[in-house]
Colleague: 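The structure under discussion is supplied below as structure tokens; questions concerning it will follow.
Remember, it's a predicted structure, so these values are computed and weren't measured experimentally. These values consider heavy atoms only, across backbone and side chains, with no hydrogens, waters or symmetry-generated copies.
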Amino acid sequence: MSSQPITAPLAAMDPIGLAELIDRAALQTRVDRKYLVPLDRVPHLLDQLTPYARVLDIDGARSFRYESVYFDTPMLASYHCAAYRRRRRFKVRVVETKTSAAASPADRLLWQGGLRPARISKYATGLAALRPELPDSPWRRTLRRHFRTTPSVGTAPTATAHRPVQEASCV
């Protein structure tokens, strides 16, 4: 999606500077909720949020390129630890709200639009979507609903199947 459909809603929102944003975020214990929102619904969602939200403004810019870089071991230890729900694992860091414990206006608008928070790992869900040979049990419902039109290929191994060798960092 190009930035054109979201330019007008962002321009209508009150600005917040980076320093104020960081200062406000540091003072709260927050709850993160992740939503998978169809791209064609984003402009309307932003229009609805205008009375409640502020947009980050840095030197007059309100739209920024965003890139996440995820690191994992060559054998995908972080991914496999999440797939097999290992409690002792390390975390390495498709709309996400960050609020205090109470739901925000953005959460309420998403709920009214039939969207519910998804308990997903952005890294692991994305990797499972791109690499169907990987186990995907924790994210299978999300993948089927939002990414795949055919049955899941990378299902978790059964007791008789060969489990991938995992690195010591996730056990």
Colleague: Tell me, please, which residues at least two apart from R141 pass side chain to side chain contact (heavy atoms under 4.5 Å, CB included).
Modeller: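 For R141, no residue satisfies side chain to side chain contact (heavy atoms under 4.5 Å, CB included) once neighbours in sequence are set aside.
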Colleague: Which pair of non-hydrogen atoms, one from L36 and one from P38, has the smallest distance, and what is that distance?
Modeller: O-CD, 3.9 Å
Colleague: Are L143 and T125 side-chain neighbours, meaning at least one heavy-atom pair lies under 4.5 Å?
Modeller: yes
Colleague: With sequence neighbours excluded, tell me which residues meet side chain to side chain contact (heavy atoms under 4.5 Å, CB included) with D47.
Modeller: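 Once residues adjacent in sequence are excluded, the partners of D47 under the side chain to side chain contact (heavy atoms under 4.5 Å, CB included) criterion are P9.
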Colleague: For R33 and E96, indicate whether the former's side chain and the latter's backbone hold a donor-acceptor pair under 3.5 Å.
Modeller: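 It does not hold such a pair.
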Colleague: Any heavy-atom pair between the side chains of P135 and Y84 that's under 4.5 Å?
Modeller: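 Result yes, sub-4.5 Å side-chain heavy-atom pair found.
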Colleague: What's the shortest heavy-atom distance between L46 and M13, and which atoms?
Modeller: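 In terms of heavy atoms, the two residues are closest at O-CE, 3.5 Å.
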Colleague: Let me confirm one number: the OH-CZ distance from Y52 to R108, rounded to the nearest 0.5 Å.
Modeller: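 Answer rounded to 0.5 Å: 8.5 Å.
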Colleague: For residues R116 and L110, report the shortest heavy-atom separation together with the two atoms involved.
Modeller: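 For R116 and L110, the tightest heavy-atom pair comes out as NH1-O, 4.5 Å.
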Colleague: If you measure from CZ on R62 to CD1 on I6, what distance do you get to the nearest 0.5 Å?
Modeller: 12.0 Å
Colleague: Output the distance between atom OG1 (T50) and atom CG (L10), rounded to the nearest 0.5 Å.
Modeller: 8.5 Å
Colleague: So how far is it from L56 CG to E20 CD, rounded to the nearest 0.5 Å?
Modeller: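 Between atom CG of L56 and atom CD of E20 there are 10.5 Å.
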Colleague: Can you tell me how far the OG1 atom of T73 sits from the NE2 atom of H80, to the nearest 0.5 Å?
Modeller: 8.0 Å
Colleague: Can you name the closest pair of heavy atoms from A106 and L49 and give their distance?
Modeller: CA-CD2, 3.4 Å
Colleague: Ignoring hydrogens, what is the shortest heavy-atom contact between P117 and W111? Give both atom names and the distance.
Modeller: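 Between these two residues, the closest heavy atoms are CD-NE1, 3.6 Å.
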Colleague: Distance check, rounded to the nearest 0.5 Å: K34 atom NZ versus T142 atom OG1?
Modeller: 10.5 Å
Colleague: With sequence neighbours left out, what residues match D59 under side chain to side chain contact (heavy atoms under 4.5 Å, CB included)?
Modeller: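 Per chain and number, D59 pairs via side chain to side chain contact (heavy atoms under 4.5 Å, CB included) with no residue.
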Colleague: Where does the angle between the aromatic ring planes of W139 and Y79 fall among parallel (under 30°), tilted (30 to 60°) and perpendicular (over 60°)?
Modeller: tilted
